[in-house]
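The structure appears below as structure tokens.
We use all heavy atoms of the structure for the numbers below, so side chains are in, but hydrogens, waters and symmetry mates are not. Indexing begins at 1, ligand by ligand and atom by atom, following the structure's order.
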Amino acid sequence: MITPELLKPADRQEARLLEQLDPRQFPQHIAIIMDGNGRWAQRRHLPRVAGHRAGVKSAREVIETCARLKIQALTLYAFSLENWRRPKAEIDFLMRLLREYLRKELPVIHKNNIRLVVIGRPEQLPAEVQRDVAQAMELTAPNSGMRLAVALNYGGRAELVDAFNAILERVRHNGGASFRVDEQTIADHLYTAGLPDPDLLIRTSGEMRLSNFLLWQIAYAEIYVTETLWPDFSRAHLLEALVDFQKRERRYGGLTVAKAAGRTAGSRG
Ligand code: IPE
Ligand code: IPE
Ligand code: MG
């Protein structure tokens, strides 16, 4: 059971969920596809961007809850390479919202000892976004608590392409005639190098697809899809996902059943 020092339940529903959770069985790394902002707004006859704004609250709540529960790593899918296909006004709004979020929340993130990293191709983002992101990473780099990875201008295939090119570069430099690539080499050249693989992947708003997210890393992640739209995704929804995760039987291809505890990156067997 979770002790109140970790997390104080806000109501009876949260208390009931917390009672069911075993802190020794938490995922090491939770990855979330935060989807459904547009639909949330449409249902309220609001412009799509109102949904993005409302989604910020969910992000804040999830980050805080994961940090309190001492989850090692949290990855949030904020903007995909494919999202450039959206209208310019929506993209501009998302970029402004991100900057506003960093301006407001960075002190809290820093105070909570969270280390923020951006995964993706930030070099293709507007200069002012790049600058804010770089500052946030620099400020929080010494922090030793939860790792918060924000997937920004991120694509899973692009990440693999970038990894292979980085490996080729290394080989060229070291004249590596005998160099051989193994799984660890690839993991070490991904944007997520050093992070454990996600053991729990959450997608909100019901879509049963990966949308080019963490293709290599989620090889054995447990997948949890909820109909809840991202702006409605609260702390209780996250706790529900964790309760569900802890009921899963993870087999890793074998016959013996491991309870749904996290494993470290690249660990096999
Ligand atoms: C997710 O919500 C946020 C981003 C992709 C930036 P959407 O904007 O995709 O919302 P829906 O899927 O259209 O409802
Ligand atoms: C995935 O959501 C990307 C993010 C959450 C940032 P999308 O809404 O872009 O994915 P598709 O288009 O439904 O696959
Ligand atoms: Mg969507």
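At a threshold of 4.5 Å between non-hydrogen side-chain atoms, the residues Phe245 and Asp199 count as touching. A heavy-atom distance below 4.5 Å is not found between the side chains of Phe164 and Val181. Side-chain atoms of Leu239 and Leu69, non-hydrogen and from C-beta on, do get closer than 4.5 Å to each other. In this structure, Leu190 and Leu195 have side chains that are not in contact, with every pair of non-hydrogen atoms separated by 4.5 Å or more. Within the 4.5 Å cutoff, the side chain of Phe79 has no heavy atoms near those of the Leu98 side chain.
With respect to atom 2 (O) of ligand 1, the closest heavy atom belonging to the protein is Asn37 N, 3.2 Å. Distance from atom 13 (O) of ligand 1 to its nearest protein heavy atom, with residue and atom name: Arg48 NH1, 3.0 Å. The protein heavy-atom contact nearest to atom 10 (O) of ligand 1 is Gly38 N, 2.9 Å. From the protein, the heavy atom lying nearest to atom 11 (P) of ligand 2 is Ser211 OG, 3.6 Å. For atom 9 (O) of ligand 2, the nearest protein heavy atom (residue, atom name, distance) is Asn83 ND2, 2.9 Å.
A heavy-atom separation below 4.0 Å is found between Met34 and ligand 2. Put simply, part of Gly36 is less than 4.0 Å from ligand 1, judged by heavy atoms. Ligand 2 lies less than 4.0 angstrom from a heavy atom belonging to Arg203. In this structure, Arg86 has a heavy atom closer than 4.0 Å to ligand 2.
Under 3.5 Å, the side chains of Glu82 and Asn212 contain a donor-acceptor pair of N or O atoms.
With a cut-off of 2.8 Å, the Mg ion (ligand 3) has an N, O or S atom of Asp35 in range.
Within 6.0 Å of atom CZ in Arg157, 12 or fewer heavy atoms from other residues, nucleotides or ligands are found, so the atom counts as exposed in its surroundings. Other residues, nucleotides and ligands contribute only 12 or fewer heavy atoms inside 6.0 Å of the CD atom of Glu138.
Residue contact check: Phe79 has heavy atoms under 4.0 Å from atoms 6 (C) of ligand 2. Each of the atoms 3 (C), 8 (O) of ligand 1 lies under 4.0 Å from some heavy atom of His52.
Counting heavy atoms under 4.0 Å from ligand 2, residue Arg85 does not touch it at all. Contacts between Leu229 and ligand 1 below 4.0 angstrom, taking non-hydrogen atoms only, are absent altogether. At a heavy-atom cutoff of 4.0 Å, ligand 1 is contacted by the backbone of Ala78 but not by its side chain. Only the side chain of Arg209 comes within contact range of ligand 2, with a heavy atom under 4.0 Å; no backbone atom does.
Under a 4.0 Å N-O distance rule, the pair Arg60/Glu64 does not qualify as a salt bridge. The existence of a salt bridge linking Arg96 and Glu100 is excluded, since no basic side-chain nitrogen approaches an acidic carboxylate oxygen closer than 4.0 Å.
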Assess the residue pair Arg209 and Arg203 against the criterion (side chain to side chain contact (heavy atoms under 4.5 Å, CB included)); give the C-alpha distance rounded to whole Å, side-chain angles, the decisive distance to 0.1 Å, and a yes or no. CA-CA 9 Å; Arg209 56 175 171 259; Arg203 182 167 190 150; 3.6 Å; yes
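Among the atoms of Asp35, some N or O lies under 3.5 angstrom from an N or O of ligand 1.
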